[in-house]
Amino acid sequence: MTTLRMEEAAHAILARNDRGGYTVPTDRLYPFQWNWDSAFVAMGFATFDVDRAYRELERLVEGQWDDGMIPHIVFHAPSDTYFPGPDVWGTRHRVPTSGITQPPVFGMALRHVHEAALTSGMADAEARTKALFQAALRSHRWWLDARDPEGLGLVSILHPWESGSDNSPAWDEALARVPTTTTTAIRRKDTGHVDASMRPRDEDYQRFIHLVDVYRDCDWDPKRQWKKAPFKVADVQMTAILARATADLTHLAEAFGTEEDRTELAQMRRRLGDGLARRWRPHLSRFVSLDLISGADIEAPTQAGFIPLVALTLDDAQRSAVTAEIGRWLDGMAVGVPSTPAFSLAFEPKRYWRGPVWAVINWLIADGLRLNGAEDLARRIEQSTVRAIENAGFCEYFDPTTGEGLGGDTFSWTAAAYLVLGGRQ
Ligand code: DGY
């Protein structure tokens, strides 16, 4: 297909997954609005329909809780093709939602959409950005209060689903401590849509649902959850995305924030930047998350170790170490960057976050490399992502060893990544 036909196909996927101002990640497998999917999708929409890009973020905010949390799923309309649905979460928001969150790409997306609106000269852009800026700021306050109560400068996930990298080898040790018993009956639907060999295992799901049971029993109260959590990881990917989104909000605060907002955002940035910088491990050439229950570094190699580049300026030694390390991960791969490298014992090229390549992760890694002056590698990763999509279609993820498309198809965020990264070629 020509680039133009591919762009039209990407637009068609976004139109097909539109459920009325919000976009499902893909039909049936993910039939609701997902938090970080929607933020990437909004940036994709901003390449051709800025009004619709704002709408995506506005509909996501309909799910924001009074305490500021933006949940990971907003159940705008019922569907029986997904487990666990609203009945399992048992939250009390007026629009039904899940009770956990997801990476706060929202602030990055808001700046992106706002800048597209300025370019296109949209009339109501100011008012829309202003309202969404306030929502984003409230959510960042929630992150620091609820997920860094001890002031580490790192925010924690209490559930692997929050990371977006559900079955990453990074969680193996911490998740193994979580019991497999559940009070909720598990009725997986995902393996009816996608081959089980590409999805998390049943045992993972037992632990995932055990965690949901524990937090529902805490009435979704952040302080009670923090005390009770059997899984608590200060995650460098999450912290980096929050830090980067904080920088983007700082930029927007020049026009839309008060003096106090600007001071507060500057403090947040410093706190997160310092926290992240302490997670650099020279012997691994990447950043590592911290298991707050065992107190140990999580050294398993995963894509998360490179995401801090979106928020930090590396020194020369770090920059050359990271670029060499990413080069090693790309070596021998048909398409990179693998979510787990082939040299790791945990590598499974087709199983979700244990090896496959994700277009939106490549988008973040390329952005981080470019911010750190590694333009050539950034372009190489962007080009190989665009080529992978052109060869295999708008799949959920790709086998790094063959480039085969895997998981769900006609995926919204892959379409968005194509539009944004393709536009940079
Ligand atoms: C799932 O159900 O696969 C999701 O990743 C949870 O958000």
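Note that ligands are numbered from 1 as they come in the structure, with each ligand's atoms numbered from 1 the same way. Since we're looking at a predicted model, the values are computed, not measured. One is the number of the first residue; the rest follow in order along the sequence.
Figure legend: R28 and Y82 shown without cation-pi pairing, the cationic atom not lying both under 6.0 angstrom from the six-membered ring centre and within 45 degrees of its axis. Note that R188 lies in the cation-pi zone of Y205, set by a 6.0 Å cut-off to the ring centre and a 45° limit from the axis.
With respect to L292, the side-chain contact (heavy atoms from CB on, under 4.5 Å) criterion is satisfied by exactly one of L158, L154, L152: L152.
Of the options Y205, Y82, F208, the smallest heavy-atom separation from atom 6 (C) of ligand 1 is shown by Y82.
The shortest contact between atom 4 (C) of ligand 1 and any protein heavy atom is with D166 OD2, 3.4 Å. Nearest to atom 7 (O) of ligand 1 among the protein's heavy atoms is H72 NE2, 2.8 Å.
In this structure, W161 and H72 have parallel ring planes: the angle between them is below the 30° cut-off, well short of the 60° mark.
Below 4.0 Å from some heavy atom of W161 lie the following atoms of ligand 1, by number and element: 6 (C). Close approach of ligand 1 to Y352 is summarised as follows: ligand atoms under 4.0 Å from at least one heavy atom of the residue are 3 (O), 5 (O). Heavy-atom proximity to R199, at under 4.0 Å, picks out these atoms of ligand 1: 1 (C), 3 (O).
The closest donor-acceptor contact from the side chain of R351 to the backbone of R199 lies under 3.5 Å.
Remark: D213 pairs with R216 by the salt bridge (Lys or Arg N to Asp or Glu O under 4.0 Å) rule, at least two apart or across chains.
Within the structure, ligand 1 has Y30 among the residues with a heavy atom less than 4.0 angstrom away.
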